[in-house]
Engineer: 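Attaching a single structure in structure tokens format; questions to follow.
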Amino acid sequence: MSIKAVRGFKDILPEESAKWHLVEEVAREVFRGFGLSEIRTPILEKTELFARGIGEQTDIVEKEMYTFEDRNGDMLTLRPEATAGIIRAYIEHKLHGRGGVCRLFTMGPMFRHERPQKGRLRQFHQINVEILGSHSPLADAEVMWLAWQVLQDLGIEGLRLEVNSLGCPQCRPAHRQDLLTFLENVSGELCPDCNRRRKRNPLRVFDCKNQGCRDALRLAPLIKHYMCPDCAGHLGQALDFLEGVGIPFVWNPYLVRGLDYYTRTTFEIVASGLGAQSTVAAGGRYDGLVKELGGPDVPGVGMAIGVERLMLLLEDEVEQELADLFIAALGRDAREEVVPWLKELRAGGFIVQMSYEDKGLKAQLKQADRLRSRYVLIVGEDELDEEVLKLRRMADGAQEEIPLDEAVQRISEILGKESEDE
RNA sequence: GUGGGAGUAGCUCAACUGGUUAGAGCGUCGGGUUGUGGCCCCGGAGGCUGUGGGUUCAAGUCCCAUCUCUCACCCCA
């Protein structure tokens with residue numbers, strides 16, 4: 001076998017791209033309604049950006065990044081997520097200095113060197129939203145709403161929005177301390193993984209699927225009992241806003257996120273039918289991140305939708321229209337006569353194709369059929385001699401005669417009329 | 001990184017306990033219709049059986065390695 005794509009990297013083939021366009025268009029339409037602006041940042045950044053932003057201790061930074069040395073000795077990394085790069089750009093171009101809240105979206109590929117499985121690729125795509133510069137719980141609610149709305153508008157069903165708060169630097173330490181103590185006492189009942197997590201990132205034990213661990217954690221201290229009044233109020237208000245716009249959610253006090261930078265609100269949208277990777281969108285608040293990356297102390301909230309996972313939930317194939325009209329020109333004279341018509345008809349908004357090769361009528365009709373063209377215009381020697389063309393409707397084979405001198409106009413009328421009927 | 005399953009025609013899959021020329025459906029190309037698609041009928045092309053080693057008189061089939069796909073763990077969108 002010759003050269004194949006790199007493991008975990010996938011080609012998006014012509015028959016799939018219409019589905020991608022649909023997803024991207026729906027997302028853009030939703031974002032437009034919320035007044036977001038698009039930002040596009042490079043997929044390559046200095047390694048240090050991700051190390052500081054995502055957290056040195058995370059799996060992503062420790063073992064999943066595509067990192068290499070540039071020719072001048074810089075260490076570079078293919079972005080494993082979008083937020084760090086966007087914040088880098090936000091700081092670098094001093095977008096915070098423009099006043100007001102900065103509300104951004106982006107979409108594009110991310111890279112993580114993990115073992116591929118259902119809903120998990122090494123190059124995958126995300127649709128991201130970041131709202132920078134607001135402490136308001138309304139921003140949190142809007143971010144969740146945005147994610148929910150995109151999925152909703154795509155007609156995806158069976159989704160569940162889970163929300164939690166991770167607290168802030170005021171209330172987190174006390175909880176963390178009590179949780180550590182608790183986990184130490186039940187360490188005998190925890191699985192080896194959880195005992196490992198216990199030291200590195202204690203909150204993650206709540207993610208364990210192991211029944212034994214879940215039983216052991218039943219009485220574990222939860223952040224909700226430790227939240228300071230500000231955090232509790234913040235979460236309460238965010239949830240009130242969600243309720244106000246009729247978005248169903250569940251408060252999952254066990255919900256935790258993997259990235260270090262999250263504070264307060266955190267959420268996931270989970271779907272059934274995705275296998276082990278059930279999260280189709282996720283996000284949360286990251287109030288310390290901008291400062292951590294060298295910018296001013298500006299708060300932020302954001303979310304990411306996993307496009308491939310979303311694609312798995314979108315069952316129906318989206319068919320692309322490939323031709324309204326196929327022009328079957330027979331012979332050199334006919335082809336020369338017809339080429340200017342292509343220009344006019346295409347300018348009129350119609351999808352028009354013709355054969356590159358000088359093939360027989362049968363072959364051209366076959367080609368038109370394969371393109372599912374609605375009509376075929378037949379232009380041969382006879383037609384040119386008589387100055388009357390034939391327009392064949394492919395659905396039933398009915399043919400209509402079209403005078404040569406008003407061909408483009410008549411065809412435009414017929415094609416246009418057909419579209420209106422639909 | 002760890003574990004299970006799988007790699008045969010463009011696609012979906014056959015080939016009994018190793019045994020002669022690796023088959024079928026779909027697709028594709030051509031013909032039946034020298035200027036009329038789809039449906040039908042007839043015919044053709046297309047394979048170093050993922051790759052490399054090994055066992056054997058003989059390997060698609062057994063063994064080892066490797067790559068890829070897939071599912072799960074881990075982790076995450």
Side-chain angles (χ1 to χ4, degrees), chain A residues 1-10 13 15 54 57-65 79-83 107-129 147 151 191-194 196-197 200-201 204 207-210 256-259 267-271 274-284 302-313 323 326 328-331 334 359-384 390-399:
Chain A
M1 194 56 75
S2 46
I3 300 173
K4 293 196 285 189
V6 176
R7 176 171 206 191
F9 288 61
K10 267 205 157 99
L13 298 174
E15 60 268 25
I54 300 170
Q57 300 293 314
T58 59
D59 277 20
I60 290 178
V61 170
E62 276 190 350
K63 49 194 189 195
E64 294 175 1
M65 296 203 304
R79 65 181 183 194
E81 55 100 56
T83 306
M107 34 183 91
M110 310 294 155
F111 305 84
R112 300 219 283 240
H113 194 118
E114 300 181 274
R115 191 114 165 213
Q117 69 183 75
K118 185 172 190 177
R120 198 175 74 184
L121 297 164
R122 288 184 175 179
Q123 181 184 157
F124 60 100
H125 296 74
Q126 286 187 344
I127 296 172
N128 289 264
V129 168
L151 300 170
C191 68
D193 279 337
C194 280
R196 197 164 40 78
R197 287 190 269 242
R200 287 210 9 208
N201 193 346
R204 294 211 66 83
D207 269 354
C208 192
K209 291 158 190 160
N210 190 311
V256 168
R257 304 264 63 231
L259 282 55
F267 73 95
E268 273 182 23
I269 297 177
V270 295
L274 277 181
Q277 266 62 42
S278 55
T279 304
V280 64
M303 67 87 170
I305 297 174
V307 180
E308 282 84 355
R309 290 184 186 177
L310 172 51
M311 235 42 114
L312 292 173
L313 298 171
F326 186 92
L330 303 165
K359 289 194 286 194
L361 179 59
K362 186 192 179 91
Q364 298 202 41
L365 277 168
K366 198 162 188 168
Q367 190 180 343
D369 188 49
R370 237 190 316 233
L371 294 169
R372 293 185 307 277
S373 183
R374 288 155 53 209
Y375 285 89
V376 172
L377 181 69
I378 299 171
V379 189
E381 281 177 36
D382 297 351
E383 283 78 9
L384 289 181
K390 297 196 178 92
L391 185 67
R392 180 180 179 84
R393 186 164 61 199
M394 295 299 274
D396 57 7
Q399 289 189 178

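Note on naming: letters A, B, ... go to the chains in the order of the sequence lines (proteins, then strands), and numbering restarts at 1 for each one. Heavy atoms only: backbone and side chains are in, while hydrogens, waters and symmetry mates are out.
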Engineer: For B:U61 and B:U55, measure between their C1' atoms and round to the nearest Å.
Structural biologist: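 Between the two C1' atoms, the distance is 13 Å.
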Engineer: A:T279 side chain to A:A281 main-chain N or O, any donor-acceptor pair under 3.5 Å?
Structural biologist: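 No: the side chain of A:T279 does not pair with the backbone of A:A281.
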Engineer: Between A:E383 and A:I378, what is the shortest heavy-atom contact and its length?
Structural biologist: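 Taking A:E383 first and A:I378 second, the nearest heavy atoms are CG-O, 3.6 Å.
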Engineer: From the set B:G37, B:C75, B:A77, return the single nucleotide nearest to any side-chain atom of A:Q126.
Structural biologist: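 Selected nucleotide: B:A77.
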Engineer: Could you measure between the two C1' atoms, the one in B:U8 and the one in B:A24, and give it in whole Å?
Structural biologist: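 My reading of the C1' atoms in B:U8 and B:A24 gives 13 Å.
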Engineer: Using the P atom as the reference point in each nucleotide, state the distance between B:U12 and B:G19 in Å, no decimals.
Structural biologist: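 After rounding to an integer number of Å, I get 25 Å for this pair.
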Engineer: So, is A:K4 close to the B:U68 phosphate, meaning a side-chain N or O under 4.0 Å from OP1 or OP2?
Structural biologist: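 Checking A:K4 against B:U68: no side-chain N or O falls below 4.0 Å of OP1 or OP2.
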Engineer: Would A:D396 and A:R393 pass as an ion pair if we require N to O under 4.0 Å?
Structural biologist: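 Between A:R393 and A:D396 there is a salt bridge, with a charged N closer than 4.0 Å to a carboxylate O.
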Engineer: Quiz question: by atom type and distance under 3.5 Å, do the side chains of A:Q126 and A:E81 form a donor-acceptor pair?
Structural biologist: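 No - no donor-acceptor pair under 3.5 Å links their side chains.
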Engineer: Looking at A:S278 and A:V270, would you say the former's side chain and the latter's main chain have a donor-acceptor pair under 3.5 Å?
Structural biologist: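 Such a contact is absent between A:S278 side chain and A:V270 backbone.
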Engineer: Does A:R122 use its side chain to pair, donor to acceptor, with the backbone of A:E114 at less than 3.5 Å?
Structural biologist: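 Flag set: sc A:R122 to bb A:E114 pair under 3.5 Å.
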Engineer: Show the nearest heavy-atom pair for residues A:Q123 and A:F9, with the distance to one decimal.
Structural biologist: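 That closest heavy-atom pairing would be NE2-CD2, 3.4 Å.
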Engineer: Looking only at atom P, what distance separates B:G37 and B:G31, rounded to whole Å?
Structural biologist: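 Result for the P pair: 12 Å, nearest Å.
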Engineer: Between B:A22 and B:G50, how far apart are the two P atoms, rounded to whole Å?
Structural biologist: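 To the nearest whole Å, 15 Å.
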Engineer: Need one value for A:A395: base, sugar-phosphate or nothing, where a base atom within 4.0 Å counts as base even if backbone is also close, heavy atoms only.
Structural biologist: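 The residue A:A395 makes base contact.
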Engineer: Between A:A147 and A:I269, what is the shortest heavy-atom contact and its length?
Structural biologist: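 Taking A:A147 first and A:I269 second, the nearest heavy atoms are CB-CD1, 3.8 Å.
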Engineer: Across the strands shown, which category fits A:A281 at heavy-atom distances under 4.0 angstrom: base, sugar-phosphate, nothing?
Structural biologist: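 Result for A:A281 = sugar-phosphate.
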Engineer: Taking atom C1' in both B:U51 and B:G27, what distance in whole Å separates the two?
Structural biologist: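 Roughly 28 Å separates the two C1' atoms.
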Engineer: Measure the distance from CZ on A:F326 to C1' on B:U36 and round it to the nearest whole Å.
Structural biologist: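 Atom-to-atom, A:F326 to B:U36, this comes out as 13 Å.
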Engineer: Would you say A:K10 places a side-chain N or O within less than 4.0 Å of OP1 or OP2 belonging to B:U68?
Structural biologist: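 Result: no.
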Engineer: Using modelled atom types and a 3.5 Å cut-off, is there a donor and acceptor pairing between side-chain atoms of A:Q364 and backbone atoms of A:A329?
Structural biologist: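 Yes: the side chain of A:Q364 pairs with the backbone of A:A329.
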Engineer: For the base of B:G35, is there a side-chain donor-acceptor partner from A:E383 under 3.5 Å away?
Structural biologist: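 Looking at the base of B:G35, it does pair with a donor or acceptor on the side chain of A:E383 (distance under 3.5 Å).
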Engineer: If you count the non-hydrogen atoms of other residues, nucleotides and ligands that lie under 6.0 Å from CD in A:E381, is the total more than 12?
Structural biologist: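 No - once you tally the heavy atoms of other residues, nucleotides and ligands closer than 6.0 Å, there are 12 at most.
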Engineer: Detail all sub-3.5 Å separations between protein N/O atoms and N/O atoms belonging to nucleotides 71-74 of chain B.
Structural biologist:
unit_1 : atom_1 : unit_2 : atom_2 : d
B:C71  : OP2    : A:K118 : N      : 2.6
B:A72  : OP1    : A:A276 : N      : 3.0
B:A72  : OP2    : A:Q117 : NE2    : 3.2
B:C73  : N4     : A:R120 : NH2    : 3.2
B:C74  : N3     : A:R120 : NH1    : 2.9
B:C74  : N4     : A:Q117 : OE1    : 3.4
B:C74  : N4     : A:R120 : NH1    : 2.3

Engineer: Using only heavy-atom distances, decide whether a donor-acceptor pair under 3.5 angstrom links the side-chain of A:Q399 to the base of B:U36.
Structural biologist: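 Answer yes: a donor N or O sits under 3.5 Å from an acceptor.
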Engineer: Assess whether one donor atom and one acceptor atom, taken from the side chain of A:R392 and the base of B:G37, lie less than 3.5 Å apart.
Structural biologist: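 Per atom types, the contact qualifies.
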Engineer: With rounding to whole Å, what would you report as the distance between B:U2 and B:G25 at their C1' atoms?
Structural biologist: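 Each nucleotide's C1' atom is 40 Å from the other's.
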Engineer: Is a side-chain N or O of A:R120 found less than 3.5 angstrom from the main chain of A:G8, in a donor-acceptor match?
Structural biologist: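 Side chain of A:R120 to backbone of A:G8: no pair is present.
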Engineer: Starting at NE2 of A:H125 and ending at C1' of B:A77, how long is that distance when rounded to a whole Å?
Structural biologist: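 Distance check: A:H125 NE2 to B:A77 C1' gives 12 Å.
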Engineer: What does A:I378 touch in the nucleic acid at a heavy-atom separation under 4.0 angstrom: a base, only the sugar-phosphate, or nothing?
Structural biologist: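 Here A:I378 touches the bases of the nucleic acid.
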Engineer: Would the base of B:U68 count as contacting A:R7 through its side chain, where contact means a donor and an acceptor less than 3.5 Å apart?
Structural biologist: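 There is none.
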Engineer: Nearest of B:C76, B:G35, B:U70 to any side-chain atom of A:R112?
Structural biologist: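 Closest of the options to the side chain of A:R112: B:C76.
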Engineer: Which stems, defined as runs of 3 or more consecutive Watson-Crick or G-U wobble pairs with both pairing distances under 3.5 Å, involve RNA chain B?
Structural biologist: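 Result, WC/G-U stems under 3.5 Å: B:1-7 with B:67-73, B:10-13 with B:23-26, B:28-32 with B:40-44, B:50-54 with B:62-66.
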Engineer: If each of A:D382 and A:V307 is mapped to the nucleotide of RNA chain B with the nearest heavy atom, which maps nearer the 5' terminus, i.e. the 5' end?
Structural biologist: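 Nearer the 5' end of the strand: A:D382.
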Engineer: Closer than 4.0 Å, any side-chain N/O of A:R122 to the OP1 or OP2 of B:C76?
Structural biologist: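 So the side chain of A:R122 is outside the cut-off, no N or O lying under 4.0 Å from OP1 or OP2 of B:C76.
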Engineer: Can you tell me how far C1' in B:C67 sits from the matching atom in B:G30, rounded to whole Å?
Structural biologist: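 So the two C1' atoms sit 39 Å from each other.
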Engineer: Where each residue is assigned the nucleotide of RNA chain B containing its nearest heavy atom, which of A:G397 and A:F124 is assigned the position nearer the 5′ end?
Structural biologist: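 Its nearest nucleotide being more 5', the pick is A:G397.
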